[in-house]
Amino acid sequence: MIVITPDFVQRSKIPLYIQLADYIKREISNGNISGGEKLPSKRNLSAYLGLSLNTIQAAYDQLIAEGYIKSMPRKGLYVTKVEEKVYERKFNTPVSLKKNNEKEDLKIKIDFSSGKVDLENFPYSIWKKLTIESVYGDHGELFNIGDPQGEQLLRDEIAKYLFESRGVRCSGDQIVLGAGTQVLMGLLCLIIGKEHLYAIEEPGFSSNEGGIKGPIGGNCAYPS
């Protein structure tokens with residue numbers, strides 16, 4: 001059985017369940033906890049660490065939401081097995097900027113390129129079945145333009161998920177859905193204002209189309 005002994009900071013503004021979840025994530029990322037290993041039960045870990053069951057449950061729920069662990073009915077909680085340790089990949093140098101145009105031989109499992117569909121892995125039969133169902137008479141409203149901010153029910157569910165998985169308090173009215181990264185970047189620029197500077201994480205959206213400048217930051221100069 002895995003021994004989990006985090007060093008909690010009692011007076012920290014970070015809740016104990018987040019500290020516990022972060023500790024387990026670090027142990028997984030560092031290879032100290034391997035994929036497929038079983039985690040202690042909530043009751044055992046609660047007794048060992050002297051924390052409430054609710055704190056342990058919240059930490060495990062966070063890890064499940066982020067995909068680090070999974071719950072197997074009647075068996076317990078197990079660390080998710082991954083084919084590649086993504087946290088070990090280096091993104092510092094874009095492929096296009098490498099010396100002598102050297103490119104890595106990447107084995108792509110699923111192609112998520114914008115504007116393309118990976119037909120080999122796309123669940124076409126399921127999509128066809130759901131498409132046919134959507135044209136039934138009682139689903140006719142799906143063909144309307146709908147709410148320009150995105151479907152209200154979907155935004156409400158996203159708000160619930162954000163609270164449960166990230167502790168973010170918001171409502172569906174504060175969420176905007178868009179058709180792809182470029183559309184959403186344009187909307188974000190309109191919300192922020194063209195006169196302001198902005199920055200986004202790297203790696204991130206690296207297209208210079210539409211006046212959006214680079215993956216690191218710049219003026220929010222999206223055309224009117």
Side-chain angles (χ1 to χ4, degrees), residues 1-94 104 106 109-110 112 154-172 174-177 181 184-185 188 192 197-206 215-217:
M1 184 68 69
I2 299 172
V3 178
I4 297 177
T5 55
D7 185 14
F8 293 114
V9 181
Q10 298 292 339
R11 295 185 179 181
S12 172
K13 294 181 180 179
I14 302 175
L16 289 177
Y17 83 93
I18 292 293
Q19 293 186 48
L20 177 57
D22 287 345
Y23 170 82
I24 296 175
K25 285 189 287 186
R26 285 195 300 271
E27 291 295 285
I28 295 173
S29 299
N30 294 334
N32 297 326
I33 301 178
S34 304
E37 287 198 64
K38 184 178 182 179
L39 293 176
S41 69
K42 292 176 289 186
R43 190 172 298 279
N44 288 340
L45 190 57
S46 172
Y48 178 72
L49 297 178
L51 299 175
S52 69
L53 281 172
N54 288 338
T55 299
I56 306 299
Q57 179 69 60
Y60 278 169
D61 286 345
Q62 181 73 22
L63 292 169
I64 291 173
E66 295 184 23
Y68 281 89
I69 65 175
K70 61 182 178 180
S71 177
M72 301 181 68
R74 300 183 181 181
K75 291 185 178 181
L77 293 162
Y78 290 81
V79 178
T80 304
K81 292 182 179 180
V82 292
E83 296 181 6
E84 176 187 12
K85 293 181 179 180
V86 178
Y87 44 82
E88 291 183 353
R89 294 180 61 188
K90 297 181 179 180
F91 298 97
N92 294 333
T93 305
E104 295 179 355
L106 298 177
K109 185 174 181 181
I110 300 177
F112 289 102
L154 177 56
R155 288 189 280 117
D156 290 342
E157 289 302 316
I158 291 175
K160 292 178 183 178
Y161 172 78
L162 288 174
F163 177 72
E164 294 172 357
S165 63
R166 296 290 189 274
V168 176
R169 294 182 179 275
C170 67
S171 67
Q174 295 173 289
I175 295 174
V176 178
L177 304 179
T181 305
L184 288 171
M185 290 290 286
L188 186 59
I192 295 175
L197 297 176
Y198 74 99
I200 59 176
E201 62 184 355
E202 185 180 8
F205 185 68
S206 60
I216 299 176

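Applying the salt bridge (charged side-chain N to carboxylate O under 4.0 Å, His left out) test to E157 and every residue at least two apart in sequence or in another chain returns K160. The side chain to side chain donor-acceptor pair (under 3.5 Å) test applied to E164 returns no partner, not counting sequence neighbours. Residues that satisfy the side-chain contact (heavy atoms from CB on, under 4.5 Å) test with S71, not counting sequence neighbours, are I64, L77. Among residues two or more places apart in sequence or in another chain, the side-chain contact (heavy atoms from CB on, under 4.5 Å) test is passed with I158 by L154, L162, I175, L177.
Residue Y161 comes nearest to A65 through the heavy atom pair OH-O, 3.6 Å, listed as atom of the first residue, atom of the second, then distance. The two residues A159 and C170 have their closest heavy-atom pair at CB-O, 3.7 Å.
Rounding to the nearest 0.5 Å gives a distance of 7.5 Å between OG of S41 and OH of Y60. To the nearest 0.5 Å, the span separating OG on S46 from CZ on R43 amounts to 8.0 Å. Here S34 contributes atom OG and I28 contributes atom CD1; the two are 9.5 Å apart, rounded to the nearest 0.5 Å. Of the inter-residue distances, the one linking I69 atom CD1 with Y78 atom OH reads 12.0 Å to the nearest 0.5 angstrom.
In this structure, the side chain of Q62 engages the main chain of S165 through a donor-acceptor pair within 3.5 Å. Using modelled atom types, one side-chain atom of K38 and one backbone atom of K75 make a donor-acceptor pair closer than 3.5 Å.
Taking the side chain as every heavy atom from C-beta outward, R169 and Q174 never approach each other to under 4.5 Å.
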Side-chain donor-acceptor distances from residues 52-59 under 3.5 Å, at least two apart:
unit_1: S52; atom_1: OG; unit_2: T55; atom_2: N; d: 3.2
unit_1: S52; atom_1: OG; unit_2: T55; atom_2: OG1; d: 3.0
unit_1: Q57; atom_1: OE1; unit_2: K42; atom_2: NZ; d: 2.6
unit_1: Q57; atom_1: NE2; unit_2: D61; atom_2: OD1; d: 2.8
unit_1: Q57; atom_1: NE2; unit_2: D61; atom_2: OD2; d: 3.4

N/O donor to acceptor pairs below 3.5 angstrom from side-chain atoms of residues 5-19, sequence neighbours left out:
unit_1: S12; atom_1: OG; unit_2: I14; atom_2: N; d: 3.0
unit_1: Q19; atom_1: OE1; unit_2: V9; atom_2: N; d: 2.8
unit_1: Q19; atom_1: NE2; unit_2: V9; atom_2: O; d: 3.1
unit_1: Q19; atom_1: NE2; unit_2: I14; atom_2: O; d: 2.9

- Go through Y48 and I4 one step at a time and tell me if the side-chain contact (heavy atoms from CB on, under 4.5 Å) criterion holds. CA-CA 9 Å; Y48 178 72; I4 297 177; 5.7 Å; no
